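The block underneath contains the structure these notes are about, expressed in structure tokens.
A note on names: the letters A, B, ... follow the listed sequences, proteins ahead of strands, and every chain is numbered from 1. Just so you know, these numbers come straight off a predicted model, no measurement behind them.
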There are 2 protein chains.
Amino acid sequence: MEQRIDRIKKQLHSKSYKLTPQREVTVRVLLEHEDDHLSAEDVYMLVKEKYPEIGLATVYRTLELLTELKVVDKINFGDGVSRYDLRQEGAAHFHHHLVCIECGSVDEIQEDLLEDVEKIVESRFNFEIKDHRLTFHGICYRCKDKSE
Amino acid sequence: MEQRIDRIKKQLHSKSYKLTPQREVTVRVLLEHEDDHLSAEDVYMLVKEKYPEIGLATVYRTLELLTELKVVDKINFGDGVSRYDLRQEGAAHFHHHLVCIECGSVDEIQEDLLEDVEKIVESRFNFEIKDHRLTFHGICYRCKDKSE
DNA sequence: TTGTCTGCAAATATTTTGCACGACT
DNA sequence: AGTCGTGCAAAATATTTGCAGACAA
């Protein structure tokens with residue numbers, strides 16, 4: 001935890017940004033909820049518990065900053081809100097998501113799985129892939145078990 | 001064109017909805033801009049040219065209806081707006097997108113390409129896939145040619 | 001002191017909703 | 001008459017921006 005914060009601090013410094021208390025609390029909240037997919041409002045409320053004076057705009061600005069640094073990815077599952085998802089350190093590619101249309105749960109897939117597909121796309125469409133977003137919508141294992 | 005409108009009309013009727021003039025104009029606009037990825041506001045302005053009395057709310061309600069019928073898919077490329085993309089008639093799966101981070105263009109890939117990946121996901125995660133969203137971000141062939 | 005960062009409030013942007021009226025059956 | 005659909009205006013939601021003051025180098 002401390003080490004990851006330290007590395008993020010260095011990333012900020014390398015672009016002449018500071019790890020202010022507000023930013024640090026925000027990063028801690030994200031690390032503590034690594035498996036969730038928090039909206040800006042979610043993050044704001046969790047940060048408020050530890051640092052009540054913070055403003056919503058600061059949270060937005062921090063999340064934007066972290067997105068720029070590729071510490072988090074801004075994702076969108078089709079409800080009206082942006083969500084912020086910590087990138088795995090050192091992961092070459094952004095992970096995928098399984099969204100359950102029954103219960104709304106969101107699970108993550110860390111495996112890449114797209115290597116072959118990307119090769120085809122790059123050669124067939126002469127498109128140089130820098131990043132990807134892949135989401136499957138369907139029924140999760142929990143809901144499948146429930147309905148049996 | 002007329003045949004596609006006719007089929008959409010039948011789809012509406014099968015759920016007790018009517019193809020009102022406003023809805024028909026909206027569908028025509030979507031068909032005429034099949035390759036684009038129009039926002040609700042875009043659609044509104046194009047519909048207004050043919051039917052100036054229409055209200056923005058009606059366009060939103062129509063797009064929602066068409067989404068429910070799976071005539072269009074509501075997509076989101078990470079800018080703040082939802083875009084509406086006509087589904088290929090009879091296509092088993094939603095098509096994929098190539099978003100250029102240089103020029104902002106959005107191209108479509110009609111090939112599925114995900115069959116193998118989906119098999120793995122279904123068995124490994126016991127997740128029943130109903131739909132998917134796949135977007136690649138990178139440099140399109142136009143921008144690559146330009147910079148050479 | 002200089003520039004960065006923050007909180008607050010106001011502004012903006014997008015989408016949704018309430019409601020009275022109109023069209024069609 | 002009854003239902004569905006519409007336009008308008010207002011509301012709701014999500015996000016961004018302006019600005020004056022706080023803070024650290």
Between A:Glu118 and A:His132, is a side chain to side chain donor-acceptor pair (under 3.5 Å) present by the stated rule, with each step listed?
CA-CA 9 Å; A:Glu118 296 197 342; A:His132 57 223; 2.6 Å; yes

Pair A:Glu111 + B:Arg124, salt bridge at N-O below 4.0 Å
yes

Is the shortest side-chain N/O distance from A:Ser39 to OP1 or OP2 of D:dA14 below 4.0 Å?
no

Let me know, please, whether A:Pro21 or B:Val81 comes out on the 5' side of the other along DNA chain C by nearest nucleotide.
A:Pro21

Partner of B:His33 under side-chain contact (heavy atoms from CB on, under 4.5 Å), chosen from B:Asp42, B:Val43, B:Leu86, B:Leu38
B:Leu38

Does a nitrogen or oxygen in the side chain of B:Ser82 sit under 4.0 Å from OP1 or OP2 of C:dT15?
yes

I need the CD-P distance between A:Glu24 and C:dT4, as an integer number of Å.
21 Å

Do B:Asp107 and B:Arg142 pass the salt bridge (Lys or Arg N to Asp or Glu O under 4.0 Å) test, and can you show the C-alpha distance, the side-chain angles, and the key distance before you say yes or no?
CA-CA 11 Å; B:Asp107 295 320; B:Arg142 291 170 293 264; 3.0 Å; yes

Can you check whether B:Ile129's main-chain N or O pairs, donor with acceptor, with B:Glu122's side chain at less than 3.5 Å?
yes

Among the candidates C:dT16, D:dT15, D:dG5, find the nucleotide nearest to the side-chain atoms of A:Ala40.
D:dT15

Rounded interatomic separation in angstrom, taking CG from A:Asp42 and P from D:dT13
15 Å

Rounded to whole Å, NE2 of B:His13 lies from P of D:dC4 at a distance of 14 Å

Numerically ordered, the residues 50-65 of chain A set in heavy-atom contact under 4.0 Å with DNA chain C is A:Tyr51, A:Glu53, A:Ile54, A:Gly55, A:Ala57, A:Thr58, A:Arg61

Whole-Å distance between D:dC23 P and A:Arg23 CZ?
16 Å

If I take atom CG in residue A:Asn76 and atom P in nucleotide C:dA13, what distance separates them, rounded to the nearest angstrom?
19 Å

Kindly determine whether A:Glu115 and A:Lys119 satisfy salt bridge (Lys or Arg N to Asp or Glu O under 4.0 Å), including the steps that lead there.
CA-CA 6 Å; A:Glu115 280 145 346; A:Lys119 270 181 210 136; over 6 Å; no

Could you give the CG-to-P distance, from B:Leu19 to C:dA23, as a whole number of Å?
18 Å

Figure out the OH/P separation between B:Tyr44 and C:dT14, and round it to whole Å.
14 Å

Residues which pass salt bridge (Lys or Arg N to Asp or Glu O under 4.0 Å) with B:Glu34, listed by chain and number, not counting sequence neighbours
B:Arg4

What is the distance from OH of A:Tyr17 to P of C:dC5, rounded to the nearest Å?
8 Å

